[in-house]
Amino acid sequence: ETGVTQSPTHLIKTRGQQVTLRCSSQSGHNTVSWYQQALGQGPQFIFQYYREEENGRGNFPPRFSGLQFPNYSSELNVNALELDDSALYLCASSLEVGSGAHGYTFGSGTRLTVV
Amino acid sequence: ILNVEQSPQSLHVQEGDSTNFTCSFPSSNFYALHWYRWETAKSPEALFVMTLNGDEKKKGRISATLNTKEGYSYLYIKGSQPEDSATYLCASHSNSGYALNFGKGTSLLVTP
């Protein structure tokens, strides 16, 4: 059973640029959520995808967008990068949409630095 | 309580000590409480998911309890070992959304 894989592990971008982060979900999991962890904070919910549709969204601006593919892998896209976007981005997959009754399987994250 | 809060922020114990952490969460619209263990440079690993008031769960030397009426959960580690060193995150899930709401975590260091 494979876990959640995220790529790249580290990334440095310039303010104003665009970035795409990728996530392969655990085998059999159909729901993917993305979280942002800024320094000294707990992970913050960005959005969740289920069957290729955005299923819920946290308090993030529209320049944060995502995709989920038929194989349940996912991308997080961030446009017009700002310095405050520097953070660890975590992807988590789960068996069941929305309910939270099962533990999520997390990737080890992508560390994004915006300069 | 509007947010998930964890205490202490960090903890340093000697090998063999027992320890416990606290997680406070909003009790309204509660659905589930998650505990994760997160070692540096690795993925957060699910320890427990609890949904019912009075739930108690155990995995080896680690156990957790849940009080949904007053909005708190305790995580206990008996006989701490250096390999228990990690950040322990708790997160609540309400019945009206899709998000896990995380606390900032408790960082545990166990020295031999």
Side-chain angles (χ1 to χ4, degrees), chain A residues 2-7 9-10 23-26 29-51 53-60 66 68 87-111, chain B residues 1-7 9-10 21-26 29-52 55 57 59 62 64 66 68 73 75 86-107:
Chain A
T2 59
V4 172
T5 304
Q6 291 188 243
S7 62
T9 54
H10 296 84
C23 171
S24 295
S25 60
Q26 179 165 319
H29 285 187
N30 57 19
T31 303
V32 174
S33 304
W34 286 91
Y35 289 81
Q36 179 198 67
Q37 189 188 30
L39 197 62
Q41 303 298 315
Q44 299 292 311
F45 176 70
I46 302 175
F47 43 54
Q48 182 182 87
Y49 276 81
Y50 171 66
R51 292 188 176 178
E53 297 286 332
E54 186 180 290
N55 200 44
R57 189 177 185 90
N59 189 25
F60 281 81
Q68 187 181 30
L88 180 70
Y89 290 84
L90 291 165
C91 170
S93 70
S94 56
L95 264 174
E96 203 173 301
V97 62
S99 71
H102 303 283
Y104 289 20
T105 302
F106 279 86
S108 54
T110 293
R111 173 74 61 187
Chain B
I1 296 175
L2 298 178
N3 297 314
V4 176
E5 297 173 2
Q6 293 187 246
S7 62
Q9 182 177 352
S10 63
F21 323 135
T22 303
C23 172
S24 301
F25 56 88
N29 299 320
F30 172 83
Y31 183 79
L33 193 285
H34 292 218
W35 280 100
Y36 291 86
R37 178 175 177 275
W38 195 1
E39 291 182 69
T40 303
K42 295 189 177 180
S43 311
E45 172 197 358
L47 288 174
F48 306 113
V49 178
M50 296 181 287
T51 57
L52 298 176
D55 259 354
K57 295 208 172 180
K59 183 184 285 190
I62 305 177
L66 179 66
T68 62
S73 175
L75 186 79
T87 295
Y88 291 82
L89 287 170
C90 82
S92 71
H93 197 296
S94 77
N95 57 17
S96 60
Y98 301 98
L100 282 175
N101 297 305
F102 282 91
K104 293 183 181 181
T106 292
S107 176

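Reminder, nothing fancy here: chain letters follow the sequence lines and each chain counts from 1. Since this is a predicted model, take the numbers as computed values, not measurements.
- Summarising the local packing, CD of B:Q9 is surrounded by 12 or fewer heavy atoms from other residues, nucleotides or ligands at distances under 6.0 Å.
- Within the 3.5 Å criterion, the main-chain N or O of B:K42 finds no donor-acceptor partner in the side chain of A:S108.
- Note on B:P44, B:A46, B:A41: by heavy-atom pairs under 4.5 Å with chain A, the leading option is B:P44.
- Judged by distance alone, with hydrogens and angles left aside, the side-chain atoms of B:Y36 form a donor-acceptor pair with the main-chain N or O of A:Y104 at under 3.5 Å.
- When the salt bridge (charged side-chain N to carboxylate O under 4.0 Å, His left out) test is applied to A:R111, no partner is found at least two apart in sequence or on another chain.
- Contact of the B:F102 side chain with the A:Y35 side chain is registered, since non-hydrogen atoms from C-beta on lie closer than 4.5 Å.
- No side-chain heavy atom of B:L100 sits less than 4.5 Å from a side-chain heavy atom of A:P43.
- Side-chain contact between A:Q37 and B:W38 is present, with at least one heavy-atom pair separated by less than 4.5 Å.
- Contacts of B:T22 classified as side chain to side chain contact (heavy atoms under 4.5 Å, CB included), with partners at least two apart in sequence or in another chain: B:S7, B:S24, B:Y74.
- Note: A:L90 leads A:T105, A:L88, A:L90 in heavy-atom pairs under 4.5 Å with chain B.
- Contacts of A:I46 with chain B are absent, with no heavy-atom separation under 4.5 Å from either backbone or side chain.
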